[in-house]
*Asks:* 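Sharing a structure below in structure tokens format, with a few things to ask.
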Number of protein chains: 2
Amino acid sequence: MQIIQAYQCFCDETRLRILNLLLEGPLCVCHLTSILGVPQPKVSRHLKALRDGGALETERCYNWTICRLPATPSPLLEANLKCLQDLRAEEPCFKVDLETRKRTVARILRDPCDDLPAQIRSLAKDCC
Amino acid sequence: MQIIQAYQCFCDETRLRILNLLLEGPLCVCHLTSILGVPQPKVSRHLKALRDGGALETERCYNWTICRLPATPSPLLEANLKCLQDLRAEEPCFKVDLETRKRTVARILRDPCDDLPAQIRSLAKDCC
DNA sequence: GTCGAATATTCGCTTGACAGCATATTCGAT
DNA sequence: ATCGAATATGCTGTCAAGCGAATATTCGAC
């Protein structure tokens, strides 16, 4: 059943953390990896699971993969992203990630070259 | 994370089928088992998982265990039960189960003794 | 107390999910 | 062509989930 795959997206802490971060806006894989503080292959695999479950859209841009929530989410996804929003206050780990995200984004905007080559600087602004 | 356990309830076909049936009203374990057509221990185990995830309340009545959706469901549960309702049309297996339920309930009401001893006949009506 | 029915639990097994580590791939820059 | 950075994929081990079969438990009836 297709619906089971969709629910798998919400049955793993890393995936929930990724969704929580993407609720604030798109991020590329390397920034996700850095914010989450977990090995890059792990992030990549969970992203694939999210994509397979219809909870993620990715766009390749040179060597960067931009991750964002689907432009037209399914009703199921939409309902549960809303739940996730409401649960932020209760889950300390979600709040910490959001603060880490804020710091990371600030650093990127201050000194884009540290993180991104010139070609995708504008994209970075789009991201953050 | 507590929330993961809650989502586990929706990540298994048998559990989804049980929730789908209970949306119509309470059922005891033996009727659930009969409607689903799966071994009783399997049903029992999934019921435990649903209970642990906060998606099920059970009430012991003599030797019967009456299963029902929580009287005051969490927002997460409520949202996803609503999704389940909407998905019924798309999942043939859900529709088949509902028809089987209808036939089973009709049989119980016609000849309660076949299924339930006198003491819980009224409860059966409550169930169905 | 003994029996049968309804339900729960234990056991051994198989399968699948996730992890870490190493490696492959893909791109622009030089 | 070669290099480094970003990302994806193989591989292998570990662990939890789920299953079937058998058994334990709990109740009322007799």
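Everything quoted here is computed from the prediction, not taken from an experiment.
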*Asks:* How is Thr65(B) classified with respect to the nucleic acid when contacts are heavy atoms under 4.0 Å: base, sugar-phosphate, or nothing?
*Replies:*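 Answer is sugar-phosphate: Thr65(B) comes under 4.0 Å of backbone atoms only.
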*Asks:* Is there a donor N/O on one and an acceptor N/O on the other, under 3.5 Å, for the side chain of Asn63(B) and the base of dT26(D)?
*Replies:*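 Present.
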*Asks:* Under 4.0 Å: is that the gap between some side-chain N or O of Thr33(A) and OP1 or OP2 of dT7(D)?
*Replies:*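 No, Thr33(A) has no side-chain N/O under 4.0 Å of OP1/OP2 on dT7(D).
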*Asks:* With sequence neighbours left out, what residues match Asp12(A) under side chain to side chain contact (heavy atoms under 4.5 Å, CB included)?
*Replies:*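 Side chain to side chain contact (heavy atoms under 4.5 Å, CB included) check on Asp12(A) returns Thr14(A), Arg15(A), His46(A).
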*Asks:* Please report the distance, rounded to the nearest Å, between CZ in Arg60(A) and C1' in dA6(D).
*Replies:*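 So the two atoms are 7 Å apart, to the nearest Å.
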*Asks:* Quickly work out the Ile18(B) CD1 to dG18(D) P distance and round it to whole Å.
*Replies:*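 Distance, rounded to whole Å: 12 Å.
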*Asks:* Looking only at the side chain of Val29(B) (C-beta and beyond, no hydrogens), which of the listed nucleotides dT9(D), dT7(C), dG28(C) gets closest?
*Replies:*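 Of the options given, the side chain of Val29(B) lies nearest dT7(C).
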*Asks:* Between P on dT7(D) and CG on Leu47(A), what's the gap in Å once rounded to a whole number?
*Replies:*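 Going from CG in Leu47(A) over to P in dT7(D) covers 10 Å.
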*Asks:* What pairs with Gln40(B) under side chain to side chain contact (heavy atoms under 4.5 Å, CB included), at least two apart in sequence or on another chain?
*Replies:*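 Partners of Gln40(B) under the side chain to side chain contact (heavy atoms under 4.5 Å, CB included) test: Thr33(B), Ser44(B).
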*Asks:* Take nucleotides 15-22 of chain C nucleotide by nucleotide from the 5' end and write B, S or -, depending on whether a protein heavy atom sits under 4.0 Å from the base, only from the sugar-phosphate, or from neither.
*Replies:* ---SSBBB
*Asks:* What pairs of residues pass the side chain to side chain donor-acceptor pair (under 3.5 Å) test when at least one of them lies in residues 70-83 of chain A, not counting sequence neighbours?
*Replies:*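 Those involving residues 70-83 of chain A are Asn80(A)-Tyr7(B), Asn80(A)-Asn80(B).
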*Asks:* For Asp52(B) and dG18(D), what is the distance between atoms CG and P respectively, to the nearest whole Å?
*Replies:*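 The distance from CG of Asp52(B) to P of dG18(D) comes to 12 Å, rounded to the nearest Å.
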*Asks:* Mind checking whether Ile3(B) and Phe10(A) have side chains closer than 4.5 Å, heavy atoms only?
*Replies:*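 Side-chain contact under 4.5 Å: no.
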*Asks:* Roughly, in whole Å, what's the span from CZ in Arg51(B) to P in dT7(C)?
*Replies:*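 These atoms are roughly 12 Å apart.
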*Asks:* Do Leu50(A) and Cys9(A) touch side chain to side chain, with heavy atoms closer than 4.5 Å?
*Replies:*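 Sidechains of Cys9(A) and Leu50(A): in contact.
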*Asks:* Just to verify, what does Lys48(A) make a salt bridge (charged side-chain N to carboxylate O under 4.0 Å, His left out) with, not counting sequence neighbours?
*Replies:*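 In terms of salt bridge (charged side-chain N to carboxylate O under 4.0 Å, His left out), with neighbours along the sequence ignored, Lys48(A) is linked to Asp52(A).
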*Asks:* Kindly write out the residues that satisfy side chain to side chain contact (heavy atoms under 4.5 Å, CB included) with Val38(B), not counting sequence neighbours, or none if the list is empty.
*Replies:*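 Partners of Val38(B) under the side chain to side chain contact (heavy atoms under 4.5 Å, CB included) test: Arg17(B), Leu36(B), Lys42(B), Val43(B).
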*Asks:* Expressed as a whole number of angstroms, how long is the span from Leu50(A):CG to dA8(D):P?
*Replies:*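 After rounding, the gap between these two atoms is 12 Å.
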*Asks:* Quick one: Ile4(B) CD1 to dA17(D) C1', roughly how many Å, whole number?
*Replies:*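 Answer to the nearest Å: 15 Å.
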